[in-house]
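A quick note: this is a predicted structure, and the numbers were derived from the prediction, not measured.
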Amino acid sequence: MTDKTEKNKIIFIPALDGVAPVKSSISLPDTDKGMLFLRGYPIDVLAEKASFEEVIYLLLFKEFPSQRALENFKELIKLKQNLPDKIISTLESLRTKMPLFNIMATAILSLAEFDSNIEDESLKANYDRALTLIAKTPIIIANAIKLIKTFEIKYPRQEFSPLVNFLHILGVPINEEMKRAFEVGQILCCEHEMNASTLAVRTAASTGSDIYLAISAGLSAFAGIYHGGASRFIIEMLRQIGDPVNVQKWADKKFASPNKKNRIIMGFGHRVYKGQNSDPRTAIFKKWSLRLAKNRQEKILLSTAETLEKYIGEKKNLCANVDFYFALVNHFIGFSPELSPLIYAMARVTGWAAHYIEQFYDPESRILRPRAIYTGPENQKWVDLKNR
Ligand SMILES: CC(C)(COP(=O)(O)OP(=O)(O)OC[C@H]1O[C@@H](n2cnc3c(N)ncnc32)[C@H](O)[C@@H]1OP(=O)(O)O)[C@@H](O)C(=O)NCCC(=O)NCCS
């Protein structure tokens, strides 16, 4: 750091490690206890007992609904899940080459067109938009995928929730156990404090952008392989390893790679949870993987995963993060690997919406605007074009 930056009180904290730019009452990863709390409730209790709609309600409205309020809330969400024809046309027109995350972001941004008054900044209007986004995103993603595979749109059934419609549209044959595993996945993935994508959402909210723009900013930050994109590689990686006996050789070869990027193993490590067994969501997904793995192939994949988790933990003191067994759960349910990040993002829309609202209506909110340590040349002299 130069003298000049010290005088201007710029503090260099690479990658914002350990920095809290905002206060929040939404979630708390308690790294000392290896726990995660949503609005004060432990994640394992929510995964055991709550429906996803209850968790959506909790994150948005800060309390659990009564039975009657929950029924009304479920009906409201169902009413919001249909896609306008223009969004369907957008999905149809984008189907050919665009990556699914880009299609998802485009459709989410396009929903602004169907907002009766985008200028309305009331809390009520933003709650309504949040619920619209939560209800429609599963239908957008399922149809974007379906269009690629079958060139057809499938409409949601009004009596189903968006999550059930997601399965219905994709035609994944699913039993009750898998259905609950899928719902638990949404609960475990819906919110996690100030990660990169949530920071992007809150940054957009702090500038006064609308919720559609803010959620698509979150999605853009989420899609990368170091964040939400990681889960799509895990099944392929485990298949490559092939068997628990190959784990050590495979991992050692990976760690010996001269290129730092190639040494990274997807589904391991975390900015907040340090050391093995530290991400509380991992154990819950692991338990579900054990329940869902039925045939010989699935069991080999799972024991390869467990052996890898143990080896990486011992050798590098890195935890298997949320993505690792999440990818296995999705695989055992019957989703293809590239869907895992989208299923994750679909859950996270709820957390992003809660953060958008918290930031937008915080009376103490200021624009999120950090600094950079300047490393470029100084006092350059202008040279006319003809003399360059
Ligand atoms: C999540 C992640 C981006 C966190 O990054 P981070 O906070 O900057 O990582 P850390 O500072 O804890 O890394 C400490 C060391 O462990 C290494 N490391 C971290 N994750 C690793 C992984 N998955 N595989 C191999 N090495 C890893 C880092 O390269 C670093 O090594 P160095 O000290 O030699 O430079 C990173 O762990 C990662 O890329 N994981 C794989 C992608 C993934 O699963 N993402 C989903 C996150 S929920």
Side-chain angles (χ1 to χ4, degrees), residues 22 24-27 38-39 46 50-65 69-70 72-84 87 104-105 107-141 156 161-163 165-166 186-187 189-195 197-222 342-362 365:
V22 297
S24 176
S25 67
I26 301 172
S27 67
L38 305 190
R39 298 267 187 217
L46 299 176
S51 66
F52 187 46
E53 285 90 346
E54 283 177 287
V55 176
I56 296 170
Y57 195 103
L58 175 70
L59 289 181
L60 292 180
F61 304 113
K62 306 180 189 175
E63 60 182 13
F64 277 126
L70 179 62
N72 291 339
F73 186 62
K74 283 182 177 175
E75 287 311 308
L76 180 64
I77 291 181
K78 282 180 192 166
L79 285 174
K80 286 181 169 293
Q81 59 188 328
N82 280 327
L83 301 184
I87 299 287
M104 188 177 163
I108 282 175
L109 283 170
S110 308
L111 286 174
E113 191 184 340
F114 306 94
D115 197 306
S116 56
N117 183 6
I118 193 87
E119 304 294 325
D120 183 352
E121 291 189 349
S122 66
L123 181 59
K124 186 172 175 293
N126 272 317
Y127 272 135
D128 192 61
R129 290 176 190 129
L131 293 179
T132 299
L133 284 160
I134 290 165
K136 290 194 195 318
T137 302
I139 314 302
I140 288 172
I141 300 174
S161 70
L163 284 194
N165 269 319
F166 181 84
Q186 295 292 292
I187 294 169
C189 292
C190 71
E191 161 59 14
H192 199 248
E193 204 221 27
M194 197 50 51
N195 49 76
S197 56
T198 303
L199 176 63
V201 170
R202 289 195 75 128
T203 302
S206 81
T207 71
S209 288
D210 69 50
I211 193 169
Y212 308 101
L213 288 162
I215 298 283
S216 78
L219 202 55
S220 307
F222 180 86
L342 294 150
I343 293 169
Y344 195 145
M346 176 169 114
R348 190 52 69 83
V349 168
T350 296
W352 291 333
H355 279 277
Y356 176 85
I357 287 169
E358 188 174 61
Q359 182 76 40
F360 198 87
Y361 296 103
D362 179 355
S365 170

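Without hydrogens or angle criteria, S197 side chain to L219 main chain gives no donor-acceptor distance under 3.5 Å. Counting only distance, with no hydrogens or angles, the side chain of Q186 and the backbone of I343 share a donor-acceptor pair below 3.5 Å. Of the possible donor and acceptor atoms, none in the side chain of K80 sits under 3.5 Å from a partner among the backbone N and O of K136. Between the side chain of T137 and the main chain of I134, no donor-acceptor pair closer than 3.5 Å is present. Using modelled atom types, no side-chain atom of E53 and backbone atom of F73 make a donor-acceptor pair closer than 3.5 Å.
R39 and E63 are not joined by a salt bridge, as no carboxylate oxygen comes within less than 4.0 angstrom of a charged side-chain nitrogen.
Scanning both residues, P156 and N82, for their nearest heavy atoms gives CG-OD1, 3.3 Å. Nearest approach of S27 to L38, heavy atoms of both residues: CB-CD2, 3.7 Å. The two residues Y356 and A205 have their closest heavy-atom pair at CD1-CB, 3.5 Å. Of all heavy-atom pairs spanning I77 and P162, the tightest one is CG2-CG, 3.5 Å. Considering every non-hydrogen atom in both R348 and H192, the closest pair reads NH2-CB, 3.4 Å. Smallest separation of non-hydrogen atoms from L111 and P84: CD2-CD, 4.5 Å.
Checked by atom type, the side-chain pair S24/E193 shows no donor-acceptor distance below 3.5 Å.
For the atom pair CG (L133) and CG (D128), the distance works out to 10.0 Å, reported to the nearest 0.5 Å. To the nearest 0.5 Å, atoms CD (E358) and CD1 (I26) are separated by 4.0 Å. In this structure, F114 CZ and T132 OG1 are separated by 12.0 Å, a value rounded to the nearest 0.5 Å. Put simply, CD1 on I108 and OG on S216 are 7.5 Å apart, with the number rounded to the nearest 0.5 Å. Of the inter-residue distances, the one linking T207 atom OG1 with F360 atom CZ reads 9.0 Å to the nearest 0.5 angstrom. Note: L163 CG to I139 CD1 = 9.0 Å, rounded to the nearest 0.5 Å.
Using a 4.5 Å cut-off on side-chain heavy atoms (C-beta onward), K74 and L70 make contact.
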Residues R129, D120; criterion side chain to side chain contact (heavy atoms under 4.5 Å, CB included); working and verdict: CA-CA 11 Å; R129 290 176 190 129; D120 183 352; 3.9 Å; yes
Can you list the steps and then say if V22 with S206 is a side chain to side chain contact (heavy atoms under 4.5 Å, CB included)? CA-CA 10 Å; V22 297; S206 81; over 6 Å; no
Criterion side chain to side chain contact (heavy atoms under 4.5 Å, CB included) on W352 and T198, from CA distance to verdict: CA-CA 6 Å; W352 291 333; T198 303; 3.6 Å; yes
When you look at Y361 and N126, which way does the side chain to side chain contact (heavy atoms under 4.5 Å, CB included) test go after all the steps? CA-CA 10 Å; Y361 296 103; N126 272 317; 2.7 Å; yes
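Every residue meeting the salt bridge (Lys or Arg N to Asp or Glu O under 4.0 Å) condition with K78, not counting sequence neighbours, appears here in chain and number order: E75. For I118, the side chain to side chain contact (heavy atoms under 4.5 Å, CB included) partners at least two apart in sequence or on another chain are A112, D115, D210, Y212.
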Give every donor-acceptor pair under 3.5 Å between a side-chain atom in residues 54-62 and any protein atom, sequence neighbours left out.
from : atom 1 : to  : atom 2 : distance (Å)
E54  : OE1    : S51 : N      : 2.9
E54  : OE1    : S51 : OG     : 3.2

